Amino acid sequence: MREKFIQILLASAASASVIIMIGIVFSLLGETAGFFKEVTIKEFLTETRWTPLFTPAHYGILPLVCGTALVTLIAVMVAAPVGLASALYLSEYAPDSLRRVVKPVLEILAGIPSIVYGYFALTFVTPIIRSVFPEANVFNALSAGIVMGIMLIPMVSSLSEDAMMSVPNSLREAAYALGATKLEVSCKVVLPAATSGIVASFILAISRAIGETMIVALAAGSTPKLTFNPLESIQTMTAFIVQVLLGDAPFGSIEYKSVYAVASVLFAMTLSLNIVGTLIVRRYREVY
Amino acid sequence: MMERALSIRNLKVSYKDREVLKGIDLDIYKNKITAIIGPSGCGKSTLLRCMNRMIDIVEGAKVSGEVFFGGENIYAPGVDPVKIRFKIGMVFQKPNPFPKSIFENVAFGLKINGYTGDIPQMVEKSLRWAGLWEEVKDRLKDDAYVLSGGQQQRLCIARALALEPEVLLLDEPCSALDPVSTLRIEELLLNLKERLTIVIVTHNIQQAARIADYTAFLLDGNLVEFGETSSMFTVPKDKRTEDFITGRFG
């Protein structure tokens with residue numbers, strides 16, 4: 001009887017997160033459906049203006065998607081090369097003693113709250129950008145993107161390093177025995193063998209960048225714009241949600257519902273990226 | 001006097017504070033097969049790894065002494081270990097093909113060393129030397145992992161032969177293979193000694209007796225006995241050698 005009770009208790013704890021997740025999806029979809037009663041899917045996907053808070057209101061998500069894509073692109077351009085290089089250093093060049101210190105430190109870095117990064121972007125990186133490009137807006141995509149990239153470096157580095165470390169030593173020995181230099185071993189044996197793990201780390205980083213909120217809300221601005229100029233103020237999907245929910249959009253109004261529509265798109269994007277990333281991670285684990 | 005491929009003089013190796021080779025003097029003769037035998041942990045793999053400076057990539061290993069190859073001490077300052085390994089190939093205990101195609105595995109060494117000749121032709125030649133060509137010629141693009149263990153090991157031998165090394169070092173190359181594959185590799189080595197010098201570490205005394213011209217017996221980091229295999233296996237000079245080859249220990 002007591003065993004049974006404990007089992008039920010543990011099972012409900014395990015299923016709670018799944019049930020909550022399903023609940024979130026349903027509430028998202030419900031409000032989103034309400035939004036699409038008033039705005040056509042065609043307008044939502046093809047209109048190039050997003051002005052739900054003004055009249056005349058336009059509901060085209062493209063500017064928000066564009067803002068998110070721009071910041072994400074900049075972030076990945078920072079995080080991918082630096083993260084990969086640092087992973088390669090840690091896994092192939094650094095002595096064991098150094099790796100044992102640096103790896104946990106990297107993982108702690110990944111735990112810094114993103115508001116700190118956002119503040120860092122606004123008060124430190126933005127002034128530097130504006131001293132180089134005086135035409136840059138106070139709120140701009142570049143600053144947010146760079147700092148988001150810095151935030152993602154530990155994640156890319158740590159996951160890529162795991163993938164490289166799981167390349168068996170026998171392959172490195174084989175290459176050394178054929179007269180390969182350390183660089184050749186790293187680039188022609190370890191990197192190709194760890195590709196799927198590295199790609200997975202990039203995908204998970206992109207997914208994280210798309211969903212990141214505080215940095216863009218603080219530093220990237222709140223002007224939805226269909227532009228790829230990184231010096232302009234833009235707005236990402238997440239930053240829009242923050243803006244509306246911090247304001248006083250009346251419950252049940254179209255502005256309120258638009259948040260759910262945007263959140264659904266966001267959810268679909270990050271979910272599919274996470275699924276792809278997890279599948280790749282699983283595949284590379286099976287190789288050796 | 002027979003020509004020497006390698007001359008090892010007073011070679012000592014230690015890992016941290018533990019000395020695993022305690023002053024080895026050994027000559028490896030050209031175009032012969034030399035077997036290194038001894039119980040586990042006697043330092044035979046370490047000795048082999050010293051012959052092409054693969055010992056360098058073992059963290060914490062300290063080497064002193066000299067290994068002469070073509071009149072040059074490969075441990076002299078300024079010698080590039082990469083160039084040494086290019087001329088002294090190595091095959092490992094477990095087959096370790098790269099996760100690439102059969103062709104790319106053999107071509108790997110040629111590509112990284114800037115081979116200027118015809119790569120496909122050299123790949124074919126190497127696979128023929130390794131006795132693998134007939135089995136793989138129609139599926140060179142296939143992943144190397146589809147091959148059986150014995151085939152993978154012959155692929156690793158082909159990969160080493162592609163660089164046309166002067167010496168081939170093999171570290172217990174048959175320990176992970178079945179008896180049939182083992183015999184194939186032994187035949188292969190006997191054919192190969194015309195073109196290069198072979199040093200093989202083996203756990204299997206019968207294998208040494210079957211293929212080696214010379215045998216070195218190592219015990220606790222010391223070279224106990226070295227000589228022609230036929231005489232060592234019939235009239236060992238040292239009591240410890242006799243005990244080992246008759247299976248009294250190890």
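Here is the naming used below: chain letters follow the sequence lines, and residue numbers restart at 1 for every chain. For the numbers below, each heavy atom of this structure counts, side chains included, while hydrogens, waters and symmetry mates do not. From a predicted model like this one, the values you see are computed outputs, not experimental measurements.
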For this session: Measure distances from B:Pro165 to the heavy atoms of chain A and classify the residue's part below 4.5 Å as side chain, backbone, both or neither.
Result: neither

Exercise. Are B:Val82 and A:Tyr176 close enough, and set up right, to give a side chain to side chain contact (heavy atoms under 4.5 Å, CB included), and what steps lead you there?
Worked result: CA-CA 8 Å; B:Val82 167; A:Tyr176 278 121; over 6 Å; no

Problem set entry | Student check: side-chain heavy atoms of B:Lys111 and A:Glu184 closer than 4.5 Å | no

For this session: Kindly determine whether A:Lys188 and B:Glu104 satisfy salt bridge (charged side-chain N to carboxylate O under 4.0 Å, His left out), including the steps that lead there.
Result: CA-CA 11 Å; A:Lys188 294 188 175 148; B:Glu104 286 300 326; over 6 Å; no

Seminar exercise, completed: Correct closest heavy-atom pair for A:Gly179 and B:Asn113 would be O-OD1, 3.7 Å

Exercise. Do you know which of B:Lys100, B:Arg85, B:Lys83 has the most heavy-atom pairs under 4.5 Å to chain A?
Worked result: B:Arg85

For this session: Quick one: closest heavy-atom pair of A:Ala174 and B:Asn96, and the distance?
Result: CB-ND2, 3.4 Å

Problem set entry | Contact class of B:Lys87 relative to chain A, heavy atoms under 4.5 angstrom | neither

Problem set entry | Derivation and outcome, side chain to side chain contact (heavy atoms under 4.5 Å, CB included), residues A:Leu178 and B:Phe98 | CA-CA 12 Å; A:Leu178 292 166; B:Phe98 299 120; 4.0 Å; yes

Problem set entry | Region of B:Ile57 that comes under 4.5 Å of a non-hydrogen atom in chain A | side chain

Exercise. If every non-hydrogen atom of A:Leu171 is compared with every non-hydrogen atom of B:Pro99, which pair is closest and at what distance?
Worked result: CD1-CD, 3.6 Å

Exercise. By a 4.5 Å heavy-atom criterion (distance strictly below it), what part of B:Arg53 contacts chain A: side chain, backbone, both, or neither?
Worked result: neither

Exercise. Looking only at heavy atoms, which two atoms of A:Glu173 and B:Met54 are closest? And how far apart?
Worked result: O-CE, 3.4 Å

Exercise. What pairs meet the ring pair (Phe, Tyr, Trp, His ring centres under 6.0 Å) rule with one or both residues in residues 56-77 of chain B, with sequence neighbours excluded?
Worked result: none

For this session: Go through the atoms of A:Asn169 and report whether side chain, backbone, both or neither lie under 4.5 Å from a heavy atom of chain B.
Result: neither

